[in-house]
Amino acid sequence: MEITFTVLAAFFAVIIGVLHVANKKSVLSTFSNYAVGERSFSSWFVAMAYTNSWWPGATFTAFFGLGIAAGVIGLYALVYTVLGVIAMYFIARPVWKWGKRFDLRTQSDLLALRYGSQGVKTLSSCISALALFPWLVLGLQAMGALVQWASLGQLDVTTSLLIGVGVIAVRQIWTVQMGMRGLIISDMVQGIVAYVGSSVLCIGLLLFLFGGFKNIQELPPAYLTLPGFDSPVGGWYYFSLVAAGIIGSLCWPMIFTRIYTGGSVGEVKKGVIQTMVISLVFYGLLILVAMAAIPMLGGAANPQQAWFVLTQSAGGTWLLAAALLIVFAATMGFVDGVVQSLGTQVANDIVGVVRPLRDKQEIIVAKLAMVVFVGLGLIVAYNTYDWPNLVNLAQISYQVIIQLSVPIFAGLFWKRGNKIAAIVGMVSGTAIAIGMSIPYFAEAGTIPWLAGISAGLVGVAVNLIVYVVCSYAFPSTILERARVSDLFDRAKAGVAVDADGESSSLLTASETAPSA
């Protein structure tokens, strides 16, 4: 126990030291600096921040356990991640250029600018905040499980959870103080440990414990094939998993806003390619190790603990400490991203719409919101620690968040879409996703009589149909169409400058400053 806790404490001290130094150099004169880190980061910072926000500590528990329980199906997360990152590459130009030109801080800022509507801004932010909160709870609970393993079973669940959430709460002091800048800097350190470190560990396990891929080659066919239409989950189950992942890959606000933090469009695009490489290497190796461990751990009562069981059996306490350190780094990065995103949304997209705030006021409101969310998360995490269906609630929240995909992607590539279409589509899709998920809560929203298609995808389909119908049924005014065309032109060619050197625009002050 002394070894594991010493390793974790030393790493935590390194993170705090890095943040302390960075905090002395940070300047939070504006809320934009606080929310997007001055739009100044290079591609590797963007890549590691995206990776740290996308692959939480649960990757080494839930997804590793899925690889052991179901085999090759565990690679679905890698498939949708790579395809989703490709989507990020194609939207980087309009998102970053609009963000730089109009001082956008959040995903909902972008929607407000595109549709010229504060209602779209607030509605989308409320949906994303509602969907994010269960993941904050899961992140805090993961810390509790990590502490219990670090104690080698000597601490009970309650004590482990309180210590774990206490560590996260202490870490949030710097997240609250520094905003996005502190988050991006710490993500680099945490990401190197979590994803580079896990890749090295997985290579070592494959070579020295399993002797290569021999175990995988000898697995029964059930572990090497995808479920068919005669399977209990349905023939469309795998498609639903991948499709929902691709659609939702840029709907989570803490991931989307990583585009704003880049120093240029080029840095964002390079960061996208680097993210793809990191994910392919680290997650591919992780699932290969899980599949190689099936003969040893397959059929285990709790496959979510397999990462810790495997490393401890392979290398004793020191290797277990390394495995715990990896999960610790990934969990901190993910929880930090969720908390920062929730606080920024409340200040910028909800309170700031109801009552316009100055920069200092927005920073204060964001900090207070972060504290409140962490406090609520601690309470819920403690009271639901043994609730077996909490993961299903988080998965259903994914069915909700993907409803933002229609106004985001359609709005970025189709000029006709308008605020009525965006609002009615989001409301319709969200209502259907939640309504159809409730009867199938135990199945995490997948619908048996639709051969495994998820409620969220049904909601997205309805959302898109309503969006298109409303766009034609309630056409925009001539002025609004001109405003949107000007936005698209700016994304393609940059900001036009007229003869006297001033930026020319058809956008009014109220339309270009969604947070003003």
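- No side-chain heavy atom of Val346 sits less than 4.5 Å from a side-chain heavy atom of Leu342.
- There is a side-chain donor-acceptor pair under 3.5 Å between Gln399 and Ser454.
- Ile278 contributes atom CD1, which lies 9.0 Å from atom OG of Ser199 (distance to the nearest 0.5 angstrom).
- Each of Glu267, Lys270, Gln274 was evaluated against Trp44; a single residue qualifies, Gln274, per the side-chain contact (heavy atoms from CB on, under 4.5 Å) test.
- The closest side-chain heavy-atom distance from Ile259 to Ile91 is below 4.5 Å.
- Between the OG atom of Ser341 and the CZ atom of Phe373 there is a distance of 9.5 Å, given to the nearest 0.5 Å.
- The two residues Leu113 and Leu487 make their nearest non-hydrogen contact at O-CD1, 3.6 Å.
- Nearest approach of Ile453 to Trp236, heavy atoms of both residues: CG1-CB, 3.6 Å.
- Tyr283 and Leu75 make their closest contact through CE2-CA, 4.3 Å (heavy atoms, listed as atom of the first residue, atom of the second, distance).
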When you look at Tyr76 and Tyr80, which way does the ring pair (Phe, Tyr, Trp, His ring centres under 6.0 Å) test go after all the steps?
CA-CA 6 Å; Tyr76 88 92; Tyr80 78 67; 5.5 Å; yes
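- Contact detail for Ser53 and Asp187: the closest heavy-atom pair is OG-OD2, 4.5 Å.
- Contact check for Phe11 versus Gln190: side-chain heavy atoms found under the 4.5 Å cut-off.
- Tested against Trp252, the residues Phe334, Trp54, Tyr50, Tyr398 include a single ring-ring contact (aromatic ring centres under 6.0 Å, His included) partner, Tyr398.
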May I have the step-by-step check of side-chain contact (heavy atoms from CB on, under 4.5 Å) for Arg258 and Ile184, ending in yes or no?
CA-CA 9 Å; Arg258 295 302 183 266; Ile184 298 293; 4.0 Å; yes
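- A distance of 11.0 Å separates CG in Asn383 from CG in Leu378, rounded to the nearest 0.5 Å.
- Here the CZ-OG1 distance, from Phe282 to Thr51, works out to 8.0 Å after rounding to the nearest 0.5 Å.
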For a side-chain contact (heavy atoms from CB on, under 4.5 Å) check, start with the C-alpha distance between Ser124 and Met426, then their side-chain angles and the critical distance, and finish with the verdict.
CA-CA 8 Å; Ser124 63; Met426 280 191 290; 4.1 Å; yes
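- Between Trp55 and Tyr195, the ring centre distance reaches or exceeds 6.0 Å.
- Looking at every heavy atom in both residues, Gly343 comes nearest to Met370 through CA-CG, 3.8 Å.
- A heavy-atom distance below 4.5 Å is not found between the side chains of Leu130 and Ser397.
- When all heavy atoms of Ile401 and Cys251 are compared, the closest pair comes out as O-CB, 3.5 Å.
- Between Tyr260 and Thr106 the shortest side-chain heavy-atom distance does not fall below 4.5 Å.
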Determine, step by step, whether Asn463 and Ser428 satisfy the side-chain contact (heavy atoms from CB on, under 4.5 Å) criterion, reporting the C-alpha distance in whole Å, the side-chain angles of both residues, the deciding distance to 0.1 Å, and the verdict.
CA-CA 6 Å; Asn463 189 343; Ser428 301; 6.0 Å; no
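- Note on ring orientation: taking the six-membered ring where Trp is involved, the planes of Phe488 and Trp98 are perpendicular (angle over 60°, cut-offs 30° and 60°).
- Atom OG of Ser125 sits about 10.0 Å away from atom CG of Leu111, to the nearest 0.5 Å.
- At a cut-off of 3.5 Å, with distance as the only test, a side-chain donor of Ser128 or Gln345 sits close to an acceptor on the other residue.
- For the atom pair Leu280 CG and Thr81 OG1, the distance stands at 9.0 Å (nearest 0.5 Å).
- Within a 6.0 Å sphere centred on CZ of Phe239, other residues, nucleotides and ligands contribute 12 heavy atoms or fewer.
- Side chain of Glu480 to backbone of Thr477: no donor-acceptor contact under 3.5 angstrom is found.
- Arg105 and Glu362 are joined by a salt bridge, as a carboxylate oxygen and a charged side-chain nitrogen come within less than 4.0 angstrom of each other.
- Within 6.0 Å of atom CZ in Phe413, more than 12 heavy atoms from other residues, nucleotides or ligands are found, so the atom counts as buried in its surroundings.
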